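One structure is given here, and the rest of the page talks about it.
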Number of protein chains: 2
Amino acid sequence: MGAAVDEIDLALLAALQADATQAYADLGKRVGLSAGSAHERVRKLRERGVIRRTTIDVDPAAVNCGVLAFVMLQANAWMGNPPTRDALAAIPEIQEAHIIAGSASLLVKVRTSTPEQLQAVLRQAFDIDGVTGTETIVVLETFFERPLNVTDPNLAG
Amino acid sequence: MGAAVDEIDLALLAALQADATQAYADLGKRVGLSAGSAHERVRKLRERGVIRRTTIDVDPAAVNCGVLAFVMLQANAWMGNPPTRDALAAIPEIQEAHIIAGSASLLVKVRTSTPEQLQAVLRQAFDIDGVTGTETIVVLETFFERPLNVTDPNLAG
DNA sequence: ATTGAAAATATAAGAAC
DNA sequence: GTTCTTATATTTTCAAT
């Protein structure tokens, strides 16, 4: 397998999660490395797929995506196949899709501009082969959404 | 309120979501602008808070966060207050926290390295004032997690 | 608000340790 | 694997439109 992610790598990841625009010199200073070494480590983290991409975090409300809901999809067949995946991916309002344990088969995270558009997404979900029902949880307020924790002491280094 | 986000801004946002490392010259080419103009627009999008931050997407499995679960928290009091928010934020394994409509009060997204650690998070959740119960949905497989859709024609420009 | 160009800065590659 | 050096490329500022 790939080389292990060590303490310094975790510190680099945490720093880049917080601000991926900072210079390698600053990044290196933070973790006790030269700019060159920091650069090399980050390059390898990207190469190994630990860093999947550099991206921006967009305020949903600013781009007309003020409605957030989690939808559980019941199904009468095994849904862990590529066609199901593709059918869900084809609905742009679906931000996440997961296969879950429990009475439902799938959990999806949906962002729309209006409740009407959420309804339209649910209608499309019913068109997917195997889907027999939906249960929707509407979000009233989001406390926070943040990057996953990489510096938790509970996680083995 | 702040100036509207126009079509070009949406194109810039989509391009940066896909790859925030690309040069402003390339970014400008993509949307039919000079490097300077692209830079200026992105600067304003940051200033206005449309772009909340530039960050990296880390593979959870690579940093010992292979367990993902969504937990619904039942409560016997109104939970939409700062103390509740802070109590949830103090648990690093909680990546998202939302107030929801429906029988439960809160929905949180949790990532841990092991089921045992997930259990420890649930125990901590019970210590939060007002929490009377939990219902956990364990994720077996994640189909996808992607940036929110900003170029959907259904969204008003 | 956009352009084009200049100056400041950062990235990326390479040699030495 | 790290550091230092050098060349390349990008970001950032600014005057002009």
Side-chain angles (χ1 to χ4, degrees), chain A residues 1-59 61-64 147 150-151 153 155-157, chain B residues 1-59 61-64 147 150-151 153 155-157:
Chain A
M1 287 286 302
V5 174
D6 68 14
E7 292 281 326
I8 296 177
D9 288 330
L10 291 177
L12 287 169
L13 292 172
L16 287 171
Q17 280 178 332
D19 179 11
T21 67
Q22 61 191 306
Y24 287 115
D26 296 338
L27 205 54
K29 224 172 285 175
R30 241 175 239 281
V31 304
L33 246 53
S34 70
S37 287
H39 179 261
E40 178 65 6
R41 276 185 181 255
V42 173
R43 189 191 65 73
K44 281 180 187 160
L45 287 168
R46 283 186 212 280
E47 189 181 53
R48 284 154 56 195
V50 176
I51 297 175
R52 294 196 284 210
R53 70 167 137 192
T54 302
T55 187
I56 56 168
D57 178 24
V58 174
D59 178 14
V63 292
N64 254 314
V150 297
T151 50
L155 309 173
Chain B
M1 289 291 298
V5 174
D6 67 15
E7 292 278 327
I8 295 177
D9 289 330
L10 291 178
L12 287 170
L13 293 172
L16 287 172
Q17 281 178 332
D19 179 12
T21 68
Q22 62 191 307
Y24 287 115
D26 296 338
L27 206 52
K29 226 171 283 174
R30 242 175 237 281
V31 303
L33 247 54
S34 71
S37 285
H39 180 260
E40 178 65 7
R41 276 188 182 251
V42 172
R43 190 191 64 73
K44 281 179 187 159
L45 287 168
R46 285 185 210 276
E47 188 181 53
R48 284 153 59 195
V50 177
I51 296 175
R52 295 197 283 209
R53 70 167 136 190
T54 301
T55 186
I56 55 168
D57 176 25
V58 174
D59 177 15
V63 292
N64 255 315
V150 297
T151 50
L155 311 171

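So that the names make sense, note that chain A is the first sequence line, chain B the second, and so on, each numbered from 1. Everything numeric in this text was worked out from a predicted model, so none of it was measured.
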Inspect the surroundings of CZ in B:Arg30 and state if more than 12 heavy atoms from other residues, nucleotides or ligands are less than 6.0 Å away.
no
C:dT2 phosphate, OP1 or OP2: any side-chain N/O from B:Ser34 under 4.0 angstrom?
no
Take the protein atom NE2 of B:His39 and the nucleotide atom P of D:dT11, then report the distance between them rounded to whole Å.
8 Å
How close or far is atom P of D:dC4 from atom OH of A:Tyr24, stated in whole angstroms?
19 Å
Taking atom P of D:dG1 as reference, at what distance in whole Å does atom CD of A:Glu40 sit?
8 Å
Looking at A:Arg41 and A:Asp6, is there a salt bridge between them, counting it only when a charged N and a carboxylate O are closer than 4.0 Å?
yes
Whole-Å gap separating C1' (C:dT11) and CZ (A:Arg43):
13 Å
Length of the line joining B:Leu27:CG and D:dT11:C1', which is rounded to integer Å:
13 Å
Ignoring hydrogens and geometry, is there a side-chain-to-backbone donor-acceptor pair from A:Asp19 to A:Leu16 under 3.5 Å?
no
Whole-Å gap separating C1' (D:dG1) and NZ (A:Lys44):
7 Å
Roughly, in whole Å, what's the span from NZ in B:Lys29 to P in D:dA9?
13 Å
Using a heavy-atom cut-off of 4.0 Å across all strands, would you classify B:Arg41 as base, sugar-phosphate, or nothing?
sugar-phosphate
Rounding to an integer number of Å, can you tell me how far A:Asp26 CG sits from C:dT9 P?
12 Å
Checking contacts here: which listed nucleotide (C:dA10, D:dT2, D:dT10) is nearest the side-chain heavy atoms of A:Ser37?
D:dT2
The nucleotide from D:dT3, C:dT3, C:dA10 with an atom nearest the side chain of B:Leu33 is C:dT3
Sidechain N-carboxylate O distance under 4.0 Å for A:Lys44, A:Glu47:
no
